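Here the structure comes first, spelled out in structure tokens, and everything after it is commentary.
Just so you know, residue 1 is the first one in the sequence shown, and it goes up from there. Note that the structure is a prediction, hence the values are computed from the model and not measured.
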Amino acid sequence: MKLINLNKMYKEKIKNALTISLLCAIFGALQMYWFLPDGLSCIDAKSGVIEAIFKFMGIQFLVIFFILLLKSSFKLYIIAVSLCIFWFFINKNEFTYRYACWSTFSSSDILYYSLKNSTVPIITCLTVLILSIYFYKSKSKNLH
């Protein structure tokens, strides 16, 4: 009987981790598209923001999934800080390889532009994401 309950608990934990990881990927994609909706990469002059979203959100999905499997009461804080850092990194990277490379931006200009224009999309998407996670968790607790 204990084994069945333990197995059910692990399945529920994995289901929750997958759902929250997917939510994070969706909000990460929205944030990326909001920050930099178009522009071709100067690396290959053909890949757009959609290819970048699939590349980066796949990585983010896995990282968030494994963070959620940890036994820690600080998981949501770890996720929030990780996403802020990762999303800023993505925005800076994408700006560098979609706009700055076609022009004459200095390193400090790239950093300034990325930070200035990333603030609103990151804060907005992260806030809505955290509220969505709280809503999902409260809804899933009410179902059990």
Side-chain angles (χ1 to χ4, degrees), residues 5-144:
N5 289 340
L6 195 59
N7 193 18
K8 185 177 179 181
M9 186 178 75
Y10 283 126
K11 283 182 182 179
E12 190 66 29
K13 187 172 184 168
I14 289 172
K15 178 186 160 225
N16 288 338
L18 287 171
T19 303
I20 293 171
S21 297
L22 183 60
L23 270 174
C24 290
I26 290 168
F27 281 101
L30 289 172
Q31 183 282 138
M32 276 181 77
Y33 192 76
W34 183 353
F35 173 76
L36 198 62
D38 59 4
L40 295 176
S41 173
C42 60
I43 294 172
D44 62 5
K46 63 181 178 182
S47 62
V49 74
I50 300 300
E51 289 87 0
I53 286 172
F54 281 115
K55 177 176 70 174
F56 287 116
M57 291 306 109
I59 295 166
Q60 177 187 296
F61 181 89
L62 290 173
V63 170
I64 297 300
F65 178 76
F66 288 120
I67 289 173
L68 287 166
L69 294 180
L70 296 173
K71 289 186 179 190
S72 172
S73 58
F74 299 107
K75 284 189 275 196
L76 192 56
Y77 299 112
I78 294 168
I79 289 170
V81 170
S82 298
L83 288 177
C84 278
I85 292 167
F86 189 64
W87 288 352
F88 177 71
F89 165 77
I90 291 169
N91 290 349
K92 182 182 174 295
N93 184 67
E94 288 304 298
F95 178 74
T96 301
Y97 294 111
R98 293 195 191 288
Y99 281 106
C101 62
W102 300 109
S103 188
T104 56
F105 284 87
S106 68
S107 295
S108 60
D109 289 340
I110 292 170
L111 190 60
Y112 173 76
Y113 180 90
S114 299
L115 185 59
K116 180 180 151 235
N117 293 336
S118 289
T119 305
V120 172
I122 288 174
I123 289 173
T124 304
C125 288
L126 194 60
T127 302
V128 176
L129 171 65
I130 290 171
L131 292 173
S132 300
I133 290 171
Y134 277 124
F135 176 75
Y136 169 75
K137 285 187 168 228
S138 68
K139 186 179 173 184
S140 70
K141 282 182 185 176
N142 290 336
L143 293 174
H144 293 80

Original post:
Can L30 and W34 be said to form a side chain to side chain contact (heavy atoms under 4.5 Å, CB included), step by step?
Top reply: CA-CA 6 Å; L30 289 172; W34 183 353; over 6 Å; no
If you round to the nearest 0.5 Å, how far is [atom2] of [Y] from [atom1] of [X]?
X	Y	atom1	atom2	result
L23	Y136	CG	OH	8.5 Å
I133	F27	CD1	CZ	8.5 Å
F88	I122	CZ	CD1	7.5 Å
K75	I20	NZ	CD1	8.0 Å
K71	K13	NZ	NZ	6.0 Å
L131	L126	CG	CG	9.5 Å

**OP:** Using the six-membered ring wherever Trp is involved, compare the ring planes of F95 and Y113 and label them parallel, tilted or perpendicular (cut-offs 30° and 60°).
**Re:**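 F95 and Y113: parallel rings.
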For a quick test of your reading: what N or O donor-acceptor pairs under 3.5 Å do the side chains of residues 62-70 make, sequence neighbours left out?
none

**OP:** Would you check if the side chain of S118 reaches a backbone N or O of L115 as a donor-acceptor pair within less than 3.5 Å?
**Re:**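 No.
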Subject >> CA sep, side-chain torsions, deciding dist, call: V128, Q31, side chain to side chain contact (heavy atoms under 4.5 Å, CB included) >> reply: CA-CA 11 Å; V128 176; Q31 183 282 138; over 6 Å; no
Indicate the atoms forming the closest heavy-atom contact of [X] with [Y], along with that distance.
X	Y	answer
F35	N91	CE2-O, 3.2 Å
F61	L22	CE1-N, 3.5 Å
A17	S21	O-OG, 2.7 Å
A52	E94	CB-OE1, 3.2 Å

Original post:
So F105 and T96, side chain to side chain contact (heavy atoms under 4.5 Å, CB included) or not? Walk me through it.
Top reply: CA-CA 9 Å; F105 284 87; T96 301; over 6 Å; no
